[in-house]
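Below, read A as the first sequence line, B as the second, and so on, with proteins coming before strands; counting in each chain starts at 1. Atoms considered below: every heavy atom in the structure, side chains included; atoms not considered: hydrogens, waters and symmetry mates.
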Protein chains: 2
Amino acid sequence: MQTSATSTRDRIVVAAARLVQRQGYVGTGIKQIAKEADATLGSVYHFFPGGKEAVAVAAIQYGDEEFAAILREALDSEDDPGAAIEACARLLAGALRASGWTDGCPVTAAALETLGDAGSQIQRACAAALRGWQDTVADKLLRSGLAAADAHELAGTVISTLEGAEVTAQVTRSEAPLLTAGRHLSRLVATYR
Amino acid sequence: MQTSATSTRDRIVVAAARLVQRQGYVGTGIKQIAKEADATLGSVYHFFPGGKEAVAVAAIQYGDEEFAAILREALDSEDDPGAAIEACARLLAGALRASGWTDGCPVTAAALETLGDAGSQIQRACAAALRGWQDTVADKLLRSGLAAADAHELAGTVISTLEGAEVTAQVTRSEAPLLTAGRHLSRLVATYR
DNA sequence: TGCTGGATAGAGCGATCGTTCTAGAGCTGG
DNA sequence: CCAGCTCTAGAACGATCGCTCTATCCAGCA
């Protein structure tokens with residue numbers, strides 16, 4: 001069943017999530033996933049008869065939940081919603097630097113590569129992730145007393161901005177875009193009370 | 001030399017720019033570029049002895065300038081900087097919908113896929129594009145009377161937000177993320193005067 | 001007319017892609 | 001003790017990848 005602590009299936013999902021996050025969907029090979037997960041090709045296809053796409057969907061869902069947990073924790077660390085979002089940006093910036101600017105958003109790269117097939121499972125998983133993160137932020141804003149419509153729209157822009165700032169930070173290899181985006185988002189939120 | 005109006009080299013660059021924009025760098029093949037450009041493999045390697053990476057760099061630089069022109073035009077269409085940025089977002093949203101949600105930012109996909117090689121020419125071209133766009137926005141803000149430091153930082157967040165909102169709009173197949181991001185950016189800019 | 005060099009054309013190279021397939025290892029219930 | 005299962009292991013297939021190579025075409029010039 002499982003070798004040491006984690007099952008083979010879990011190792012495959014985690015490895016795939018990291019690789020897809022760093023090099024995208026097309027850029028990541030099934031054999032590379034197997035090697036990184038200390039599994040064999042047979043194991044991968046045993047657990048994921050759907051092939052590469054099925055592995056990627058599981059990987060994206062894993063990255064989704066992982067990021068959602070970080071997001072919730074950062075949002076709860078501060079009472080003021082603006083400060084909480086800024087803390088979020090700081091956290092992302094630190095993690096990004098620590099990874100050597102490679103571990104960005106777990107879904108962006110895969111999402112952009114698979115825009116061709118509109119109804120693809122990967123597309124659906126990415127869209128679901130974004131929607132979930134937006135709801136998490138909207139919930140925080142609602143609890144802070146914002147109007148429902150404002151909270152939802154603002155949450156969307158918060159996610160979009162963090163997303164874009166993360167990409168910019170990766171490309172320029174600097175924490176600055178994320179940090180200033182965090183400050184600006186905090187300032188924007190402050191105008192709603 | 002040239003068949004009808006454009007030279008073979010130009011057709012290759014334009015085709016490569018579109019393909020890279022839509023499916024990323026790894027997802028686009030040299031042979032596909034040649035076919036799309038109505039050129040042959042021999043012509044591609046004749047004009048770009050550097051191979052796939054050289055073609056991609058030229059394509060990204062082309063997309064960079066193309067987007068910069070659109071950006072400048074949109075920014076000049078309105079006097080108020082906030083309204084100008086909002087007009088920008090509206091323009092991007094319309095173009096995105098018209099393309100069937102496929103023609104997003106010309107550099108994001110390629111940038112994310114090639115983060116591995118830090119010093120790659122592709123990376124450099126993408127970073128230069130982002131920097132140039134930021135300068136364009138900063139220039140507009142400066143002309144509107146903002147302080148230099150504020151203008152530059154704000155311009156960075158504007159580009160990041162537009163970038164992120166464009167991705168979100170593509171994934172969710174909706175203009176809404178771009179439109180509300182434009183409104184929020186306008187509101188943010190308004191707090192600086 | 002023959003030469004030259006830029007441009008076009010595509011066959012073919014080794015490598016790698018995703019996938020399929022068969023064979024065996026390790027455990028469990030009867 | 002073995003039948004029957006999940007899981008592991010990797011060889012092999014056809015397709016496609018980026019790239020190299022040779023052959024041909026054709027305008028401009030002597």
Side-chain angles (χ1 to χ4, degrees), chain A residues 1-20 22-60 109-110 113-114 116-117 120-123 125, chain B residues 1-20 22-60 109-110 113-114 116-117 120-123 125:
Chain A
M1 227 70 113
Q2 56 268 31
T3 44
S4 56
T6 61
S7 72
T8 302
R9 203 199 118 102
D10 285 351
R11 288 204 317 278
I12 291 171
V13 171
V14 172
R18 290 281 169 271
L19 290 172
V20 168
R22 292 180 187 175
Q23 10 175 327
Y25 174 65
V26 265
T28 302
I30 284 263
K31 292 174 185 174
Q32 188 186 11
I33 293 174
K35 175 180 280 186
E36 205 77 16
D38 267 323
T40 64
L41 212 48
S43 300
V44 176
Y45 277 95
H46 170 75
F47 289 109
F48 299 95
K52 187 184 182 181
E53 182 169 4
V55 177
V57 168
I60 287 169
E113 288 173 328
T114 55
D117 349 314
S120 122
Q121 302 281 357
I122 296 180
Q123 276 298 299
Chain B
M1 239 64 102
Q2 55 269 29
T3 44
S4 55
T6 62
S7 71
T8 302
R9 204 198 116 103
D10 287 349
R11 290 203 315 277
I12 292 171
V13 172
V14 172
R18 289 280 170 271
L19 290 172
V20 168
R22 294 181 186 176
Q23 11 177 327
Y25 174 66
V26 264
T28 302
I30 284 262
K31 292 175 185 174
Q32 187 186 11
I33 292 174
K35 174 179 281 186
E36 205 77 15
D38 268 323
T40 64
L41 209 50
S43 299
V44 176
Y45 278 95
H46 170 75
F47 288 110
F48 299 94
K52 186 183 181 182
E53 183 169 4
V55 177
V57 169
I60 287 168
E113 288 172 328
T114 56
D117 353 316
S120 125
Q121 301 282 358
I122 296 181
Q123 276 297 300

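Two residues are said to be in side-chain contact when any heavy atoms from C-beta on lie closer than 4.5 Å; A:E113 and B:V26 meet this criterion. Between B:F48 and B:V57 the shortest side-chain heavy-atom distance does not fall below 4.5 Å. Between B:Q32 and B:Q23, the closest side-chain pair of non-hydrogen atoms falls below 4.5 Å.
To the nearest angstrom, C1' of D:dC17 lies 12 Å from CD of B:Q32. Distance A:K31 NZ to D:dT16 P: 16 Å, rounded to the nearest Å. The OH atom of B:Y45 sits 17 Å away from the P atom of C:dA9 (whole-angstrom rounding). Nucleotide C:dG18 holds its P atom 12 Å from the CD1 atom of A:I122, rounded to whole Å. Rounded to whole angstrom, the span from the CG atom of B:D38 across to the P atom of C:dG10 amounts to 12 Å. Whole-Å rounding puts the B:K35 NZ to D:dT16 C1' distance at 12 Å. The distance from atom CZ of A:R9 to atom C1' of D:dT8 is 17 Å, rounded to the nearest whole Å. If you take CZ of A:F48 and C1' of C:dG18, they are 16 Å apart, rounded to a whole angstrom.
Between A:T8 and D:dT8 there is a side-chain N or O to OP1 or OP2 distance below 4.0 Å. Between B:T40 and C:dT8 there is no side-chain polar atom (N or O) within less than 4.0 angstrom of OP1 or OP2. For C:dA7, the OP1/OP2 oxygens have a side-chain nitrogen or oxygen of B:H46 closer than 4.0 Å.
Along DNA chain D, the nucleotide closest to B:Y25 and the one closest to A:S43 are compared, and the more 5′ of them pairs with A:S43. Between A:G42 and A:V26, the residue anchored nearer the 5' end of DNA chain C, judged by the nucleotide with its closest heavy atom, is A:V26.
In this structure, A:R11 contributes its side chain and A:D38 its backbone to a donor-acceptor pair below 3.5 Å.
Listed nucleotides C:dT19, C:dA7, D:dC19 differ in distance to A:L41; the shortest reach to its side chain belongs to C:dT19.
At a threshold of 4.0 angstrom between heavy atoms, the contacts of B:G29 are confined to the sugar-phosphate backbone, with no base atom among them.
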Run A:Y25 and A:I60 through side chain to side chain contact (heavy atoms under 4.5 Å, CB included) and show every step you take.
CA-CA 10 Å; A:Y25 174 65; A:I60 287 169; over 6 Å; no
